[in-house]
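Comments concern the structure below.
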Protein chains: 2
Amino acid sequence: MPEIVWPEGLKKTKQRDAVVKILESAEAPLSAPDIYAQIEKDGQAVWLSTVYRILELFTEKGLVTKTPVLDGDMAYYELRRHDHRHYAVCVDCHKIVPIQDCPMTGFEPKISDDFRVLGHRIEMYGYCKDCDKRNKSSKE
Amino acid sequence: MPEIVWPEGLKKTKQRDAVVKILESAEAPLSAPDIYAQIEKDGQAVWLSTVYRILELFTEKGLVTKTPVLDGDMAYYELRRHDHRHYAVCVDCHKIVPIQDCPMTGFEPKISDDFRVLGHRIEMYGYCKDCDKRNKSSKE
DNA sequence: TTCTATGCAAATATTTTGCAACTCT
DNA sequence: AGAGTTGCAAAATATTTGCATAGAA
């Protein structure tokens with residue numbers, strides 16, 4: 001069962017289907033090369049530039065959200081779902097872990113007069129369990 | 001009066017001073033090319049790669065925070081001040097506006113068992129007053 | 001058939017790196 | 001003097017674009 005509504009005017013192609021499928025089964029944002037690699041691994045042929053083009057198009061159509069992660073050497077993409085998720089990112093191994101709830105709920109920023117807020121992005125950073133443990137034991 | 005403590009072991013050079021001065025007077029995060037352009041405009045000579053190197057070093061030393069903005073085509077840098085600020089970014093003109101207070105205060109994410117949280121980043125996005133007005137009037 | 005999407009190559013943009021010359025301490 | 005910094009050029013990485021062909025409606 002597809003989680004998305006296909007925007008009218010867009011043709012369905014196997015490349016686009018592949019991208020959607022990867023995004024649907026992802027539980028954390030993925031980079032374009034991530035998605036490209038997964039499609040290849042599934043035995044399908046795509047070009048990285050095509051993946052970029054699809055992601056850009058999907059972002060435009062509101063299907064996908066483009067967001068930088070951590071210190072941002074790459075852009076990450078995720079399906080724009082009905083639920084509202086944020087992530088914690090490990091500063092060491094760059095693992096991405098979903099956070100359950102959103103601290104912005106009910107929060108009204110004081111800028112609202114000067115700014116029409118459409119949404120927000122929250123990212124926590126720190127050490128995941130594994131890296132935390134490793135750092136402690138190696139006393140680094 | 002300098003807002004920062006110069007890390008020991010780092011030499012003071014006019015390039016580094018220039019970068020610090022720009023960052024001190026900025027009230028929103030700046031990209032490396034932004035900083036480079038401002039220094040040039042002040043009549044000083046620097047190389048962009050030097051600016052990048054200085055910012056990387058400062059980030060390592062904890063003087064500066066590197067953070068991607070909006071959809072992240074570039075990294076932005078800001079002085080790591082004592083106060084804790086977040087920003088709203090206009091999706092149209094990319095203007096960056098500081099937000100007064102932080103919705104995370106007192107918030108304890110449910111992941112804390114599996115993750116040692118060091119900090120967080122929040123970014124609101126939407127339309128700034130000018131772009132909102134312009135979009136309404138041009139009925140675009 | 002007609003319009004759009006993709007393959008492919010080549011360009012662009014941002015950031016990083018290597019090394020010799022220079023400049024702080 | 002000696003270690004750390006910068007100028008400069010060139011490389012590396014991420015992403016975008018142009019155009020002819022292939023594919024969906």
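Just so you know, these numbers come straight off a predicted model, no measurement behind them. Just so you know, these numbers use all the heavy atoms, side chains as well, and skip hydrogens, waters and symmetry mates.
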A:Pro7 vs A:Leu63 side-chain heavy atoms within contact, under 4.5 Å: yes

Atom of A:Lys11, atom of A:Arg16 and distance for their closest heavy-atom approach: O-NH1, 3.0 Å

No-H, no-angle donor-acceptor pair, A:Arg53 side chain to C:dG7 base, under 3.5 Å: yes

Value in whole Å for how far the P atom of C:dT14 lies from CG of B:Asp34: 11 Å

Positions of residues 6-20 of chain B (non-hydrogen atom under 4.0 Å from DNA chain D), listed by number: B:Gly9, B:Leu10, B:Lys11, B:Thr13, B:Gln15, B:Arg16

Atom-pair distance (CD on A:Glu56; P on C:dA5), nearest Å: 12 Å

Check: B:Val20 and B:Trp6 side chains under 4.5 Å, non-hydrogen atoms: yes

Given D:dT17, C:dG7, C:dT14, the nucleotide with the shortest approach to the side chain of A:Ser49: D:dT17

Rounded interatomic separation in angstrom, taking OH from B:Tyr36 and C1' from C:dA13: 15 Å

Between A:His82 and A:His84, ring centroids under 6.0 Å: no

Whole-Å gap separating C1' (D:dT17) and CG (A:Leu55): 16 Å

Ionic contact status for B:Asp73 with A:Lys66, cut-off 4.0 Å: yes

Side-chain donor-acceptor contact under 3.5 Å, B:Tyr87 with B:Glu78: yes

Residue A:Trp47, side-chain atoms from C-beta onward, closest of C:dA9, D:dA14, C:dT15: C:dA9

Sugar-phosphate, base or nothing in reach of A:Ala32, heavy atoms under 4.0 Å: nothing

Nucleotide D:dA14, atom P - distance to NZ of A:Lys66 in whole Å: 14 Å

Rounded distance (Å) that lies between atom P of C:dT16 and atom CE of B:Met74: 13 Å

For atom CG of A:Leu48 and atom C1' of C:dG7, their distance in whole Å: 13 Å

Presence of salt bridge, B:Lys95 and B:Asp130, under 4.0 angstrom: yes

Candidate nucleotides C:dC8, C:dT6, C:dT14, ranked by approach to the side chain of B:Tyr52 - the nearest: C:dT14

Rounded interatomic separation in angstrom, taking NZ from A:Lys61 and C1' from C:dA5: 14 Å

